[in-house]
Amino acid sequence: MDKFRVRFAPSPTGPLHIGGARSALFNYLLARKHGGTFILRIEDTDLERSSRESEQNIMDSLRWLGMDWDEGPDKGGPFGPYRQTERLGTYRSYVDRLLAEGKAYLCYCTEEELAAEREALMTKVELPRYLGRCRSLTQGCRERLEAEGRKPVVRFLVPEDQTVVVEDRVRGQVAFETNGIGDFVIVKSDGIPTYNFAVVIDDATMEITHVIRAEEHLSNTPRQILIYQALGLPLPEFAHISLILGKDRTKMSKRHGSTSVVQYREQGYLPQALVNFLALLGWAPEGEEEIFSMEQLVDRFSLDRVAKNPAVFDMDKLLWLNGYYIRQAPLEEVTRLALPYLQAAGYVGGEVSHVQMEWLKHLVGAVRKGISHLAEIPARTALFFTNELTYSAEAQRVLQEEQVPMVLNTLKEKLAVTPMTEEGVKGMLKTLAKELKLGGKQVYMPIRAALTGEVHGPELFDIIPLLGVEECARRLDSAVALVTGP
RNA sequence: GGCCCGUUGGUCAAGUGGUCUAAGACACCGGCCUUUCACGCCGGUAACAGGGGUUCGAAUCCCCUACGGGUCACCA
């Protein structure tokens with residue numbers, strides 16, 4: 001194959017959906033694998049719902065995920081423009097051809113008339129579709145209707161008794177009968193083409209070689225093929241990937257929780273984790289390895305191993321995968337990513353000094369093991385930023401033990417002469433238990449409870465240096481005061 | 001409802017007629033590690049939707065049924 005051109009063609013009617021991101025990813029991966037071209041095309045023919053905001057969101061999300069395009073509305077390219085509303089002239093010439101050749105016609109039916117027709121067919125238990133009432137209007141008829149102020153749409157004349165076969169790279173041959181397809185609208189009354197028409201013209205004129213998109217488009221494909229044929233345009237290869245389903249096995253929607261890429265971004269998912277996860281949804285690698293960087297995915301991805309069946313979005317696995325990436329990534333990077341969450345919680349100011357940064361790295365390193373996404377950071381680190389510790393029920397119980405005041409006071413003394421390093425604290429803690437002749441649990445649990453208010457948490461040898469001698473002393477005193485009474 | 005796609009453990013999935021007494025991952029359960037939780041390590045429970053064929057032999061091929069999904073817009 002001398003040329004490999006694929007596209008991701010979202011309609012900018014909302015933030016980038018997780019399913020859209022996966023479609024984009026599959027296209028991107030294949031383009032990079034084959035040294036081809038990845039094109040971003042904005043399908044904004046729905047004037048009502050499209051917005052530049054959404055377009056921007058989609059581009060930001062794609063970039064955040066690590067997908068860059070070679071041609072697109074923002075960077076141009078030899079086949080532009082890349083926004084459908086800017087290609088109206090192109091569509092017009094093709095529509096005129098269809099009209100001139102009698103392969104399409106004007107239709108003046110009103111919405112009410114169409115609704116009535118649909119209703120009638122439904123009650124007769126027939127396929128609801130357009131029956132072709134305006135197929136052969138006379139010139140006079142047309143003039144009268146236009147005089148009434150009716151704006152026509154253009155309908156494609158669907159040939160009868162034909163079988164259209166979609167050659168699909170993931171599904172094989174899929175046949176459709178044209179009799180089940182009514183003459184469909186290709187240009188709306190406002191002069192804007194519909195999706196089914198614009199997509200064909202764009203894919204053809206942009207010389208797209210492989211159309212890889214979600215399965216919901218499979219049923220539309222025969223319509224599109226009919227247009228390709230009517231215009232004598234070469235067909236691209238098609239590949240329809242299955243949908244992503246929610247837990248209840250219906251198409252993933254807001255009801256299932258977060259569906260847009262930005263939401264995951266905001267909750268502190270790493271783009272690498274999301275990409276890895278999305279790739280595994282509907283595609284299976286050859287070996288048993290499941291952790292892949294974008295580069296590795298580019299290397300291994302192939303349409304042959306894309307599944308036909310829909311996949312349920314498994315939040316548990318995403319959480320695990322994200323936690324895995326958080327644990328694996330360089331501490332420096334995770335800290336940088338965690339910073340905004342700490343700032344939003346008011347724990348850290350806008351300016352971060354070098355010393356503070358080192359402290360933050362230590363902090364993040366101490367808590368990263370137990371989290372699956374960065375949004376958990378504030379809750380996990382709250383104890384380091386509070387002046388008034390609250391003690392959990394278990395912590396209070398632990399502090400009631402009789403040896404506690406003695407343990408805490410001894411610790412306080414030792415702290416003053418202990419180097420605030422992991423090793424220093426570790427050694428001090430060890431000798432403390434030995435000198436006191438107490439079981440580990442009897443000394444370490446009270447310390448933990450006094451210092452954090454909890455019975456679970458990071459390692460003591462992380463907590464103590466992080467808190468510092470003074471703060472530790474303060475907390476120790478508070479705890480002692482609490483149990484010995486005023 | 002018509003058309004189209006799909007159906008391997010709770011989830012993602014490997015498997016393309018014999019090597020399947022069916023892999024791996026997440027989740028779950030148990031153990032180890034850890035004087036906490038987690039992480040990590042080790043182990044375990046758990047599946048070919050049902051029924052007919054074809055075949056010496058079927059998770060793999062065909063048919064039917066059931067179930068799930070998609071689509072039938074002047075949305076994409």
So which protein nitrogen or oxygen atoms get under 3.5 Å of nucleotides 37-39 of chain B's nitrogens or oxygens?
residue: B/C37; atom: O4'; partner: A/His456; partner atom: ND1; Å: 2.9
residue: B/C37; atom: N3; partner: A/Gly457; partner atom: O; Å: 3.4
residue: B/A38; atom: O2'; partner: A/Lys369; partner atom: O; Å: 3.0
residue: B/C39; atom: O3'; partner: A/Arg327; partner atom: NH1; Å: 3.2

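- A salt bridge is defined here as a Lys NZ or Arg NE, NH1 or NH2 lying under 4.0 Å from an Asp or Glu carboxylate O, and A/Lys441 with A/Glu401 fails to meet this definition.
- Taking atom P on both nucleotides, B/U60 is separated from B/A22 by 16 Å, rounded to a whole Å.
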So which protein nitrogen or oxygen atoms get under 3.5 Å of nucleotides 58-63 of chain B's nitrogens or oxygens?
none

Provide a list of protein-nucleic acid N or O atom pairs under 3.5 angstrom, restricted to nucleotides 74-76 of chain B.
residue: B/C74; atom: O2; partner: A/Ser189; partner atom: N; Å: 2.9
residue: B/C74; atom: O2; partner: A/Ser189; partner atom: OG; Å: 2.8
residue: B/C74; atom: N3; partner: A/Ser189; partner atom: OG; Å: 3.2
residue: B/C74; atom: N4; partner: A/Cys109; partner atom: O; Å: 3.4
residue: B/C75; atom: OP2; partner: A/Lys188; partner atom: NZ; Å: 3.0
residue: B/C75; atom: O2'; partner: A/Asp46; partner atom: OD2; Å: 2.9
residue: B/C75; atom: O2'; partner: A/Arg49; partner atom: NH2; Å: 3.2
residue: B/A76; atom: OP1; partner: A/Thr45; partner atom: OG1; Å: 2.6
residue: B/A76; atom: OP1; partner: A/Lys188; partner atom: NZ; Å: 2.9
residue: B/A76; atom: OP2; partner: A/Tyr195; partner atom: N; Å: 3.0
residue: B/A76; atom: O3'; partner: A/Glu43; partner atom: OE1; Å: 2.9
residue: B/A76; atom: O2'; partner: A/Ser11; partner atom: OG; Å: 3.2
residue: B/A76; atom: N6; partner: A/Asn220; partner atom: OD1; Å: 3.4
residue: B/A76; atom: N6; partner: A/Asn220; partner atom: ND2; Å: 2.6
residue: B/A76; atom: N1; partner: A/Asn220; partner atom: ND2; Å: 3.2

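- Within the 4.0 angstrom heavy-atom criterion, only backbone atoms of the sugar-phosphate kind lie near A/Phe176; the bases stay farther away.
- Residue contacts for A/Arg171: at a heavy-atom cut-off of 4.0 Å it reaches the sugar-phosphate backbone alone, with no base atom in range.
- Of the candidates A/Thr418, A/Val443, A/Leu411, A/Leu429 forms a side-chain contact (heavy atoms from CB on, under 4.5 Å) with just one, namely A/Leu411.
- At a threshold of 4.0 angstrom between heavy atoms, the contacts of A/Lys308 are confined to the sugar-phosphate backbone, with no base atom among them.
- Checking B/A14, B/C26, B/C4 against the side-chain heavy atoms of A/Arg305 singles out B/A14 as nearest.
- The residue A/Gly282 sits close only to the backbone: its heavy atoms come under 4.0 Å of sugar-phosphate atoms, none of a base.
- Counting only heavy atoms from C-beta on, A/Asn309 has its side chain closest to B/U8 among B/U8, B/A27, B/G69.
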